[in-house]
Visitor: 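The structure's right below; bear with me while I get my questions together.
Along the sequence shown, the residues carry numbers beginning at 1.
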Amino acid sequence: MLTQSIYSSLTGFPAWHGSSLGAFPALSLHADPSSSPFLTLHAVRQWSNVPFFTVPLARAHGKSFAHRSELRQAKRIVVKLGSAVVTRGDECGLALGRLASIVEQVVLINRNGREMMIVTSGAVAFGKQRLRHEILLSQSVRQALHSGQNQLKDMSLPVLEARACAAAGQSGLMALYEAMFTQYSTCTAQILVTNLDFHDDQKRRNLNSTLHELLRMNIVPIINTNDAVVPPPEPNSDLQGVNVISIKDNDSLAARLAVEMRADLLIALSDVEGLYDSPPGSDDAKLLDTFYPGDQHSITYGTKSRVGIGGMEAKVKAALWALQGGTSVVIANGTHPKVTGHVITDIVEGKKVGTFFSEVKPAGPTVEQQTEMARSAGRTLASLEPEQRSDIICILADLLTERKDEILSANKNDMEHAVSRLSPAMLKRLSLSSSKLNSLSIGLRQIAVSSQDSVGRVLRRTRVANKLELEQITVPIGVLLVIFESRPDCLPQVSALAIASGNALLLKGGKEAANTNRILHELAQEALSIHGVKDAIQLVSTREEVEDLCRLEKMIDLIIPRGSSQLVRDIQRAAKSIPVLGHSEGICHVYVDHEASVDKAIKIIRDSKCDYPAACNAMETLLVHRDLLRTPLFDQIIDMLRTEHWWTIMYKSWC
């Protein structure tokens, strides 16, 4: 009656009776043997004013997503809430604020056209708290009646049977969910299942049909094991193969349900950040961003959660079973106050949250492994002599000219793929030529000569006391992340500067220059290998989003975006805990004074605009002193711009 009262007061619908599906009024379930073995769902009460719609699936089920970025395509999602997520830390009630935040995210995703199902724990834990309270209250009253003012310190709680706790807690748990979802005008339905419901073919078909009908009407099913009647799990009761998994806890229930309903994504929320290679409390525990089948031998499991019955080992087993059945899985933290409010939406958006289970193992190292490799080699690079770092840069300069045919061939491939997608200005930036490679080689040699004292140079020396001096010297920053757009010539330039300053480098270039960047990075590593620091420069070629890279605050010391002002703003917004060396809008003006040298003015204007107009520091505005109008110098400037095919464009922009 508590559920009915809350629903009636919040929605205005009258209370109902006889429903086995909680939040859906007066539903009758029966099988139609004449048409189908599946159970059909009929509404006794007509909801003429409630719109129903069907959300079509975007892809055929059968294969899980290979990369996180593909999670945006998920249309049917199962969210599993562990007991530690549902209950408070003191185990004295439900975590109302946390649940409200989760409900809000589920509603938001549901309104964006996705089908949502919730598998919830917490009935046993909630019922245990309620029964403890009732027993303590009963004992205190009884002792007060029989012993007057005697102390109550000898009171002891009996061992509470789990099935009784589930019976006492399930109604209150569902009433809370119903009240929260009703605030967003979202209808829910309660479904209690046991292991037998999946092993009996008729019951399984009925359950499948019921869930499909609820999803068709945009109702959010809330599923839980019927712990009031379920028998204790038998050891080693799981059957082998993809078709069967024993329902021992809500982890296995969520996995079985996700595969049975052909869900695209299963999100399992617990009280840990994800899957670690060792117990999270240990000093050397490392959070795994992605977990692949076959990696189980590298995992050491810890203890179970404070209130749950599964534990991480059960979650991994269930996740791998669901993955084998074609459902992608993410295990994440649903209790952390800083992330709970957006953890589900972040996962659905493909952000790097928790541990993602994937069947496709990348050929190369992960970005975290690349960063570790760069940091380790960067320390060796910083310890080299200045002449050794200079040698590396000079060898890279030689390779740019010696291997220019390979570079230009890769660049031609990029240009052919990008010609229909990029603007002429962006294509110009993407293009490389023999002359540009020669200029790059000359520039790298200049860096090699001028950077002899980049590391270890004394900037300031202060005598603090007798025989005690304080020095300020230049040292490497650490690991730099440089993000650049369609300018492959940026890669050798930045690499040379990083080598000269003894910094490790992580490069993220635009996908339109993937082939050119790959060959240039190979040349940089070839030059670095002469002194054993090949891994100091890494090129991120995986499907990592820039926003995910900006979250590696424990690995990256500085981010340098090279590109548009919008790119810089996006990076600054995404990098919460890493310094960003950005730049603002360029002011690329050239001013010609009335006393300026004619030859010098013509040369500067041509070089600043006509030589490489796609450069970000190309001239944008030409300012001419009013006294130069209708003078020979002004006419020469106009003639030069006409010859270079820039006068018409500049004249139109001035007008």
Side-chain angles (χ1 to χ4, degrees), residues 67-69 286-287 289-290 350-353 362 364-382 389 396 447 454-455 474-514 516-518 520-525 528 533-584 616:
H67 305 282
R68 278 185 183 269
S69 58
K286 182 179 179 182
L287 178 65
D289 169 65
T290 307
K351 296 181 180 179
K352 189 172 288 188
V353 179
T366 65
V367 66
E368 290 84 1
Q369 293 171 333
Q370 284 185 291
T371 310
E372 291 287 353
M373 293 162 58
R375 181 178 291 277
S376 177
R379 294 191 178 103
T380 306
L381 175 65
R389 290 194 293 270
L396 177 57
I447 293 175
S454 295
V455 179
T474 56
V475 296
I477 295 174
V479 178
L480 309 180
L481 169 61
V482 177
I483 302 170
F484 55 98
E485 296 176 318
S486 57
R487 279 190 57 196
D489 54 331
C490 175
L491 194 151
Q493 293 171 346
V494 173
S495 298
L497 292 172
I499 295 169
S501 56
N503 285 294
L505 184 60
L506 202 64
L507 293 161
K508 175 65 173 176
K511 60 183 179 181
E512 62 277 355
T516 312
N517 288 337
R518 177 182 51 80
L520 291 174
H521 173 247
E522 290 176 359
L523 298 182
Q525 289 200 320
L528 287 164
V533 288
K534 174 184 176 181
D535 294 332
I537 296 179
Q538 297 287 331
L539 178 65
V540 179
S541 56
T542 59
R543 298 167 65 103
E544 299 291 334
E545 297 290 343
V546 171
E547 189 169 339
D548 292 331
L549 293 173
C550 293
R551 294 178 180 176
L552 301 177
E553 66 274 359
K554 295 182 179 179
M555 302 180 177
I556 296 173
D557 299 296
L558 179 66
I559 300 177
I560 305 175
R562 291 196 61 178
S564 64
S565 57
Q566 183 61 47
L567 172 67
V568 175
R569 287 193 294 268
D570 291 342
I571 299 302
Q572 290 173 331
R573 189 181 304 111
K576 306 288 186 185
S577 305
I578 307 176
V580 177
L581 183 62
H583 60 80
S584 61
C616 56

Visitor: For the atom pair NZ (K554) and CD1 (I578), what is the distance rounded to the nearest 0.5 Å?
Guide: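 Those atoms lie 12.0 Å apart.
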Visitor: Whether the R569 and Q566 side chains hold a donor-acceptor pair (N or O, under 3.5 Å, no angle test) is what I'd like checked.
Guide: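 Judged by distance alone, the side chains do pair up.
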Visitor: Taking the side chain as C-beta and beyond, is there a heavy-atom pair between Q369 and D289 under 4.5 Å?
Guide: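 Side chain of Q369 against side chain of D289, heavy atoms only: no contact under 4.5 Å found.
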Visitor: If you measure from CD1 on I537 to CE on M373, what distance do you get to the nearest 0.5 Å?
Guide: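 That separation rounds to 12.5 Å.
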Visitor: Atom CG of L396 and atom CD1 of I447: how far apart are they, to the nearest 0.5 Å?
Guide: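 Separation between the atoms: 9.5 Å.
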Visitor: Could you go step by step and tell me if L481 and L549 meet the side-chain contact (heavy atoms from CB on, under 4.5 Å) rule?
Guide: CA-CA 8 Å; L481 169 61; L549 293 173; 3.9 Å; yes
Visitor: Side chains of K351 and R68: does their closest heavy-atom pair fall under 4.5 Å?
Guide: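 Of all side-chain heavy-atom pairs linking R68 with K351, none is under 4.5 Å.
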Visitor: Would you call N517 and L539 a side-chain contact if the rule is heavy atoms closer than 4.5 Å?
Guide: yes
Visitor: For the atom pair CG (L581) and CG (L558), what is the distance rounded to the nearest 0.5 Å?
Guide: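 Output value for this atom pair is 5.5 Å.
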Visitor: Measure the shortest side-chain to side-chain distance between I571 and I483 over non-hydrogen atoms and say whether it is less than 4.5 angstrom.
Guide: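 The answer is yes; the side chains approach within 4.5 Å.
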Visitor: Could you tell me which non-hydrogen atom of R389 sits nearest to which non-hydrogen atom of A500, and how far apart they are?
Guide: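 Heavy atoms of R389 and A500 come nearest at NE-O, 3.6 Å.
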Visitor: Nearest 0.5 angstrom please: L520 CG to L507 CG, how far?
Guide: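 One finds 10.5 Å between CG of L520 and CG of L507.
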Visitor: Under 3.5 Å, is there a donor-acceptor pair between the side chain of Q525 and the main chain of K534?
Guide: yes
Visitor: Is the backbone N or O of A377 less than 3.5 Å from a side-chain atom of D535, with the two atoms forming a donor-acceptor pair by type?
Guide: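 Looks like no, no N/O pair under 3.5 Å.
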Visitor: List the steps and the verdict of side-chain contact (heavy atoms from CB on, under 4.5 Å) for V367 and K508.
Guide: CA-CA 11 Å; V367 66; K508 175 65 173 176; over 6 Å; no
Visitor: For the residue pair Q370 and L506, what are the closest heavy atoms and their distance?
Guide: CB-CD1, 4.3 Å
Visitor: Is H67 reaching over with its side chain to a backbone N or O of G350, donor-acceptor style, under 3.5 angstrom?
Guide: no
Visitor: Could you pull out the closest heavy-atom pair between A498 and L381, with the gap in Å?
Guide: O-CD2, 4.3 Å
Visitor: Search all heavy atoms of S501 against all heavy atoms of S454 and return the closest pair with its distance.
Guide: CA-CB, 4.4 Å
Visitor: Do L287 and E368 have side-chain heavy atoms sitting under 4.5 Å apart?
Guide: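 When only atoms from C-beta onward are counted, E368 and L287 do not touch, as no gap falls below 4.5 Å.
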Visitor: Looking at L491 and H521, what are the two nearest heavy atoms and their distance?
Guide: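 In terms of heavy atoms, the two residues are closest at CD2-N, 3.9 Å.
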Visitor: Evaluate side-chain contact (heavy atoms from CB on, under 4.5 Å) for L567 paired with R562, printing each intermediate quantity in order.
Guide: CA-CA 8 Å; L567 172 67; R562 291 196 61 178; over 6 Å; no
Visitor: What's the separation between atom CG in D557 and atom OG1 in T371, rounded to the nearest 0.5 Å?
Guide: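 Here the interatomic distance stands at 10.5 Å.
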Visitor: Between E372 and K286, is the closest basic N to carboxylate O distance under 4.0 Å?
Guide: no
Visitor: Minimum heavy-atom separation for I556 and I559, please, with both atom names.
Guide: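 In terms of heavy atoms, the two residues are closest at CG2-CG1, 4.2 Å.
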Visitor: Please assess V479 against M555 for the test side-chain contact (heavy atoms from CB on, under 4.5 Å), listing each intermediate value before the final yes or no.
Guide: CA-CA 7 Å; V479 178; M555 302 180 177; over 6 Å; no
